[in-house]
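Predicted model, so just to flag it, every value in this text is computed and none were measured. In what follows, every chain begins at residue 1, and chains take the letters A, B, ... in the order their sequences are listed.
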Amino acid sequence: MSNIVVIAEARGGALKRPSLEAVTAALGLAKQTGGKVIAVLCGSGLDAACAELGKSGANQIVAIDGASFANYSGDAWAKAIADQCKAHAATAVLMAHTAMGKDLLPRVSAQLDGSVLTDTVELAFAGGAFTAKKPVFAGKATMTAKATKLPFCATLRPNNFAPATGGSGAEVQKVAAPGGDLLAVVKEIIAAAGGKTPLQEAKVVVAGGRGLKEAQHFKLIEDLAAAFGPGVAAVGASRAVVDAGWRPHGEQVGQTGKVVSPPLYFAIGISGAIQHLAGMRTARTIVAINKDADAPIFKVADFGIVGDAFEVVPALTKAIQALVAGK
Amino acid sequence: MDIVVCIKRVPATDTAIKIAADGKSIDPTGVNFELNAYDEFALEQALRIKEQLNAGSVTVVTIGPKDSKKQLDDALARGADKAVLLSTTEWMFDGAQTAAALAAWIKTVPCNLVLCGRQAVDSDNNQMAGNLAARLGFACVTEVGKLTLENGVFTAERDIEGAREVVTSKTPAVISCNKGLNEPRYANLKGIMAAKKKPFVEQPAQLGARGVEIQALTLPAARAAGKILGNGADAVPALIAALREQKAL
């Protein structure tokens, strides 16, 4: 028996979609190991999230529920989850590579003294061993590695597995959240102003660089992003403009920022430094607009327009507005 | 407060990665190495906390090749009090192994706070802080973009999907630092001269068993060459048509 535990994530009572993607990956592994998939989640008021997980195809759900777990506390949650991993003799522990996954899974792995790989994009179990692929050097290379110590603990890059929907009401086991001393605890969650689309979840990323010449000209980028309608596009930025203080670090795309993989990516006034390309080269379609026809960005772009952003972008914004209005 | 700052020597972010003949490592020919960018924020924050409290110590530590002395010397020149090189000839890509070795060493020194970068930009694991904290029994906050210390309690802010989380943490703690936390200082001549007299300790890293083994390192497939659709705003209709044809719009 070689069971797989998925650590699921609920925010405000609702299950996060990447958790269902992790269930898909776990079901794939369990088919090979011959074990069960057990989804474990923590919080307070988890019935709705459990109901959704119940339809995922996971064999069993363990909800560690209680007032002491109302707010995220990595130390307390990791201990409670590690206890469940031990109780279910898990040989692999999976979680989505979200802000919580990045924080929580490494601690669970340490509690279990297991091996760990994060941000994986492919998992397999063959010849008695777990293997995984993950991007390294911000995607400039891919590492394939084999776990030599169990349990194997991994986070999974979101939007890389289809969400699991193949089940009908798995058994839910309720476990009371333990009380006690919390070392670090979330006190408050402040929603981003204006309901901005998170950069890594956006269907379209409109990114600007030095070619815009001044911070205030990012209005052109914001207008183009807004033209796609609410909740569709997010604004990105090159390292140069973040370092210059034009844009917040949260918008930086590239090796010391975020790696994004949207269906559509616009690089505007971005020359295409190697560390920027690392962060966006897996976008499905890349459009580059740049004055310099020899800019490296044109080597990775599917479509390019050579020209001044101040002239091209407003025309493009109008065209997108017309298209969206006509739909 | 006795602060340990964990740093790593990594290939510069403008490096074009080439795979070595063994198919499992990078070809170091012509690669420039630098201090991992996120670790600069960790070091700066350590120096600021020491200045705020006007007490304590800042020790920088790395697990890595002997060449890492350059990055440790730079940290001393910026203001760290002591540097420790846990030497190894291996590339430290195995996060659990790294955390275990660091935890074993940290248990032998006075330490109330560990600061590190959110991730090393080579292995991109982003897992060291949590792994280390669990092994030490310390509190932990990761990917911190704002940090204040008052009466021995940290208040940290971190970005999560579509929101910002405010976390309070007791000490001892491990805190991983994100870009935007501070503006790192650079070494000046006085700092570089002072660094020569600061304690530097080198000892072999006590590495336990590996948790993961690299089977292959590969380069991603190159993207097919794209198409320049034209010049200026006149090319916009051609772009819209091309994107619609690809069902990108």
Side-chain angles (χ1 to χ4, degrees), chain A residues 74-75 78 98-99 102-103 106-107 109-111 115-119 131 135-149 183-192 198 249-250 255-256 263-264 274-275 281 285 287 298 300-307 311-312 315-316 319 323, chain B residues 13-14 16-17 19 37 95-96 99 121-127 130-131 133-135 139-142 159-170 173 179-180 209-220 223 226-233 235-236 239-240 242-243 246 248-249:
Chain A
D75 45 273
T98 56
K102 286 184 270 185
D103 194 89
R107 298 192 214 190
S109 81
Q111 297 282 349
S115 52
V116 61
L117 280 179
T118 61
D119 200 18
T131 60
V136 289
F137 302 100
K140 290 178 197 168
T142 302
M143 175 198 284
T144 307
K146 180 172 93 169
T148 50
K149 208 171 168 190
L183 301 178
V185 67
V186 171
K187 285 290 172 203
E188 194 184 355
I189 294 177
I190 306 162
H249 171 247
Q255 194 163 8
T256 50
L264 182 56
I274 195 159
Q275 73 116 331
R281 55 170 299 139
T285 303
V287 175
F298 287 119
V300 301
D302 298 276
F303 305 114
I305 295 180
V306 179
E311 185 206 336
V312 180
L316 181 57
L323 205 66
Chain B
T13 54
D14 60 2
I17 296 296
I19 309 295
V121 299
D122 53 1
S123 54
D124 281 336
N125 264 320
N126 198 336
Q127 70 84 43
N131 203 317
R135 289 171 195 275
C140 181
V141 195
T142 57
D159 283 337
I160 61 170
E161 293 82 9
R164 209 163 163 83
E165 221 171 46
V166 183
V167 187
T168 58
S169 172
K170 298 175 183 173
K179 191 169 174 176
R210 275 218 183 288
V212 286
E213 248 174 46
I214 298 181
Q215 294 184 306
L217 208 57
T218 52
L219 296 180
R223 286 185 81 102
K227 201 171 161 191
I228 301 275
L229 298 170
N231 292 289
V236 167
L239 174 62
I240 297 286
L243 291 176
Q246 283 225 334
L249 283 179

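Looking at B:Ala37, only its side chain comes within 4.5 Å of chain A, counting heavy atoms on both sides. Using a 4.5 Å cut-off between heavy atoms, A:Leu323 touches chain B through its side chain atoms alone. The part of B:Ile240 that comes within reach of chain A is its side chain, from C-beta onward, which places non-hydrogen atoms under 4.5 angstrom from that chain. With a 4.5 angstrom heavy-atom cutoff, A:Leu316 touches chain B via backbone and side-chain atoms both. Using a 4.5 Å cut-off between heavy atoms, B:Glu165 touches chain A through backbone and side chain atoms alike. Contact of A:Ala301 with chain B is made through the backbone alone, with heavy-atom distances under 4.5 Å. For a residue to count as touching a neighbouring chain, one of its non-hydrogen atoms must lie under 4.5 Å from one of that chain's; by this rule B:Leu219 touches chain A with backbone and side chain alike. Looking at B:Ala235, both its backbone and its side chain come within 4.5 Å of chain A, counting heavy atoms on both sides.
Comparing B:Gly180, B:Ala233, B:Ala173, B:Ala209 by heavy-atom pairs within less than 4.5 Å of chain A, the highest count is held by B:Ala233. With respect to chain B, the highest number of heavy-atom pairs below 4.5 Å among A:Ala78, A:Ala99, A:Gly307 belongs to A:Ala99. Interface check for chain B: of the options A:Gly74, A:Ser109, A:Ala138, the most heavy-atom pairs under 4.5 Å are formed by A:Ala138. Per-residue heavy-atom pair counts under 4.5 Å with chain A were compared for B:Leu217, B:Asn231, B:Ile214, B:Thr218, and the maximum is reached by B:Thr218. Residue with the most contacts toward chain A among B:Gly95, B:Ala242, B:Ala133: B:Ala242 (heavy-atom pairs, distance under 4.5 Å).
Side-chain N/O atoms of B:Thr13 and A:Gln255 include no donor and acceptor closer than 3.5 Å. Side-chain polar atoms of A:Asp103 and B:Thr142 form a donor-acceptor pair below 3.5 angstrom.
Using a distance-only test at 3.5 Å, with no hydrogens or angles considered, a donor-acceptor pair links the side chain of A:Thr148 to the main chain of B:Arg210. For B:Ser169 (side chain) and A:Ala184 (main-chain N/O), no donor-acceptor pair under 3.5 Å exists by modelled atom type. A donor-acceptor contact shorter than 3.5 Å is absent between the side chain of B:Arg135 and the backbone of A:Ala110.
Qualifying salt bridge (charged side-chain N to carboxylate O under 4.0 Å, His left out) partners for A:Asp75, counting only residues two or more places apart in sequence or in other chains: none. Listed by chain and number, the residues in a salt bridge (charged side-chain N to carboxylate O under 4.0 Å, His left out) with B:Lys227 amount to none (sequence neighbours excluded).
Counting only heavy atoms from C-beta outward, the side chains of B:Asp122 and A:Phe137 approach each other to under 4.5 Å. Side-chain contact between A:Asp119 and B:Asn126 is absent, with no heavy-atom pair separated by less than 4.5 Å.
A:Thr285 and B:Gln246 get closest at one heavy-atom pair: OG1-OE1, 3.0 Å.
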